[in-house]
*Asks:* 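Okay, here's the structure, questions in a sec.
All values derive from a computational prediction rather than experimental measurement.
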Amino acid sequence: MSNTSKWLLLGLVLLVLAAILPAEEEEFTLLPGFGKTCRIGEDYAFVYDFDKTPRMGTSILRIKLFDGKGRKATDLEIIGQSDMPSMRGGHASGDVPFKLNKKGVYLLPVNIVMPGEWEIRLIFLKDKSVIQRARLIFNV
Ligand SMILES: [Cu+2]
């Protein structure tokens, strides 16, 4: 086999692997933390926090979205999925759309039913297309 065809074959194998390997964890970028600026490419950024320190019961996750120039933006759709990583699926919320309040803040009620580590996955959509997947972790 010539060198060229070996490289072509290697490239092909890598492409196939990239397509079939489950890359779900990496697909959801781990976010830096409450109150920190999280970028979505060049065109958007956001900060997130809870209305109060999350504890048993319902806590509200808040996201403030900005455009590339730092102005408030409300033109994206955001979907949240909460669950406990240690018992994946045990308390999975499924896809829950954030709701915009009058001040243009995105809100998601999160039902915390057990102490421990929780994860919320975020999916950002523009015109029905996913432009970002991210996840945040916190402890109760
Ligand atoms: Cu649990």
Side-chain angles (χ1 to χ4, degrees):
M1 206 192 284
S2 75
N3 261 340
T4 312
S5 34
K6 273 182 193 159
W7 281 112
L8 280 174
L9 187 63
L10 180 65
L12 193 64
V13 167
L14 287 176
L15 274 177
V16 170
L17 280 177
I20 61 173
L21 283 180
E24 207 181 323
E25 290 289 316
E26 294 96 277
E27 223 180 273
F28 286 81
T29 314
L30 184 60
L31 293 173
F34 296 113
K36 300 264 171 63
T37 300
C38 313
R39 298 216 59 88
I40 305 176
E42 296 291 309
D43 295 332
Y44 294 96
F46 65 94
V47 292
Y48 67 92
D49 66 4
F50 275 100
D51 62 329
K52 57 179 188 282
T53 305
R55 54 172 177 257
M56 295 286 286
T58 302
S59 293
I60 309 286
L61 180 64
R62 304 185 290 205
I63 292 182
K64 287 179 189 150
L65 184 69
F66 303 97
D67 67 13
K69 291 179 176 144
R71 295 170 303 203
K72 184 170 279 179
T74 56
D75 58 325
L76 297 187
E77 202 180 323
I78 311 176
I79 289 168
Q81 306 166 335
S82 58
D83 200 5
M84 291 187 89
S86 62
M87 39 198 305
R88 191 67 79 191
H91 320 288
S93 68
D95 290 354
V96 183
F98 279 70
K99 294 211 169 81
L100 270 172
N101 72 5
K102 283 179 189 154
K103 291 177 178 167
V105 179
Y106 289 85
L107 302 177
L108 177 80
V110 180
N111 192 16
I112 296 160
V113 295
M114 227 182 97
E117 188 187 63
W118 283 78
E119 178 192 70
I120 301 177
R121 291 181 172 185
L122 305 172
I123 300 168
F124 295 79
L125 299 101
K126 181 171 185 148
D127 304 326
K128 307 288 172 202
S129 298
V130 175
I131 60 166
Q132 177 81 324
R133 289 184 176 87
R135 64 195 177 96
L136 60 101
I137 297 278
F138 60 97
N139 276 283
V140 178

*Asks:* Sequence neighbours left out, what passes side chain to side chain contact (heavy atoms under 4.5 Å, CB included) with Asp75? Give chain and number order.
*Replies:*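 With sequence neighbours excluded, Asp75 shows a side chain to side chain contact (heavy atoms under 4.5 Å, CB included) to Tyr44, Ala73, Lys126, given in chain and number order.
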
*Asks:* Asn139: what forms a side chain to side chain donor-acceptor pair (under 3.5 Å) with it, not counting sequence neighbours?
*Replies:*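 For Asn139, no residue satisfies side chain to side chain donor-acceptor pair (under 3.5 Å) once neighbours in sequence are set aside.
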
*Asks:* Only one of Leu100, Leu122, Leu76 forms a side-chain contact (heavy atoms from CB on, under 4.5 Å) with Ile63, so which one is it?
*Replies:* Leu122

*Asks:* Answer yes or no: are there more than 12 heavy-atom neighbours, outside Lys69 itself, under 6.0 Å from its atom NZ?
*Replies:*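 Check fails, neighbour count at 12 or below.
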
*Asks:* With a 4.5 Å cut-off on side-chain heavy atoms, are Arg55 and Ile112 touching?
*Replies:* no

*Asks:* Give me each pair satisfying ring pair (Phe, Tyr, Trp, His ring centres under 6.0 Å) with a member in residues 50-84, each pair once, sequence neighbours excluded.
*Replies:* Phe34-Phe50, Phe50-Phe138

*Asks:* Would you mind reporting whether Asn111 and Ser82 have side-chain heavy atoms less than 4.5 Å apart?
*Replies:* no

*Asks:* Applying salt bridge (charged side-chain N to carboxylate O under 4.0 Å, His left out), can you list everything that pairs with Asp67, at least two apart in sequence or on another chain?
*Replies:* Arg71

*Asks:* Can you list the residues that meet the ring-ring contact (aromatic ring centres under 6.0 Å, His included) rule with Phe46, with sequence neighbours excluded?
*Replies:* Phe124

*Asks:* Could you check whether any side-chain heavy atom of Ser86 comes within less than 4.5 Å of a side-chain heavy atom of Glu117, counting everything from C-beta outward?
*Replies:*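 Ser86 does not reach Glu117 side chain to side chain.
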
*Asks:* Going by the side chain to side chain donor-acceptor pair (under 3.5 Å) test, which pairs reach into residues 94-108, not counting sequence neighbours?
*Replies:* Gln81-Asp95

*Asks:* Quick one, Cys38 with Val47, criterion side chain to side chain contact (heavy atoms under 4.5 Å, CB included). Give me CA distance, side-chain angles, the key distance, then yes/no.
*Replies:* CA-CA 6 Å; Cys38 313; Val47 292; over 6 Å; no

*Asks:* Once side chain to side chain contact (heavy atoms under 4.5 Å, CB included) is applied, do any residues pair with Pro109, and if so which ones, sequence neighbours excluded?
*Replies:* Thr58, Ile60

*Asks:* Sequence neighbours left out, what passes salt bridge (charged side-chain N to carboxylate O under 4.0 Å, His left out) with Asp49? Give chain and number order.
*Replies:*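 Scan of Asp49 (salt bridge (charged side-chain N to carboxylate O under 4.0 Å, His left out), adjacent residues dropped) gives Arg62.
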
*Asks:* Give the intermediate values and the outcome of side chain to side chain contact (heavy atoms under 4.5 Å, CB included) for residues Glu119 and Met84.
*Replies:* CA-CA 6 Å; Glu119 178 192 70; Met84 291 187 89; over 6 Å; no

*Asks:* Side-chain heavy atoms under 4.5 angstrom apart, residues restricted to Ile, Leu, Val, Met, Phe, Trp, Tyr: same cluster for Val96 and Val105?
*Replies:* no

*Asks:* Using the test side chain to side chain donor-acceptor pair (under 3.5 Å), find all partners of Lys128 that sit at least two apart in sequence or belong to another chain.
*Replies:*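 By the side chain to side chain donor-acceptor pair (under 3.5 Å) rule, Lys128 matches Glu77.
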
*Asks:* Identify whether NZ of Lys or CZ of Arg in Arg135 sits under 6.0 Å from the centre of the six-membered ring of Phe28 and within 45° of that ring's axis.
*Replies:* no

*Asks:* Knowing that exactly one of Ile123, Val130, Leu108 qualifies, which makes a side-chain contact (heavy atoms from CB on, under 4.5 Å) with Ile79?
*Replies:* Ile123

*Asks:* Holding to side chain to side chain contact (heavy atoms under 4.5 Å, CB included), I want the full list of residues that pass it with Thr53, two or more places apart in sequence or in another chain.
*Replies:*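 Not a single residue meets the side chain to side chain contact (heavy atoms under 4.5 Å, CB included) criterion with Thr53.
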
*Asks:* Between Leu125 and Leu61, is there a shared hydrophobic cluster once you connect ILVMFWY residues whose side-chain heavy atoms come closer than 4.5 Å?
*Replies:* no

*Asks:* Would one find more than 12 heavy atoms of other residues, nucleotides or ligands at under 6.0 Å from atom CZ of Arg39?
*Replies:* yes

*Asks:* Answer whether the closest heavy-atom distance between the side chains of Leu65 and Thr74 falls below 4.5 Å.
*Replies:*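 No, side chains not in contact.
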
*Asks:* According to a 4.5 Å side-chain heavy-atom criterion applied to Ile, Leu, Val, Met, Phe, Trp and Tyr, with indirect links allowed, do Ile137 and Leu31 form part of one hydrophobic cluster?
*Replies:*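 The answer is no; the residues belong to distinct hydrophobic clusters.
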
*Asks:* Is it the case that one hydrophobic cluster holds both Val113 and Val110, taking links as side-chain heavy atoms less than 4.5 Å apart, direct or via other members?
*Replies:* yes

*Asks:* A side-chain contact here means heavy atoms from C-beta on lying under 4.5 Å apart; do Ile78 and Pro97 qualify?
*Replies:* no

*Asks:* Check side chain to side chain donor-acceptor pair (under 3.5 Å) between Asp43 and all other residues, then give those that pass, not counting sequence neighbours.
*Replies:*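 Here no residue qualifies.
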
*Asks:* Is there any ring pair (Phe, Tyr, Trp, His ring centres under 6.0 Å) pair reaching into residues 75-95, and which pairs are they, with sequence neighbours excluded?
*Replies:* His91-Trp118

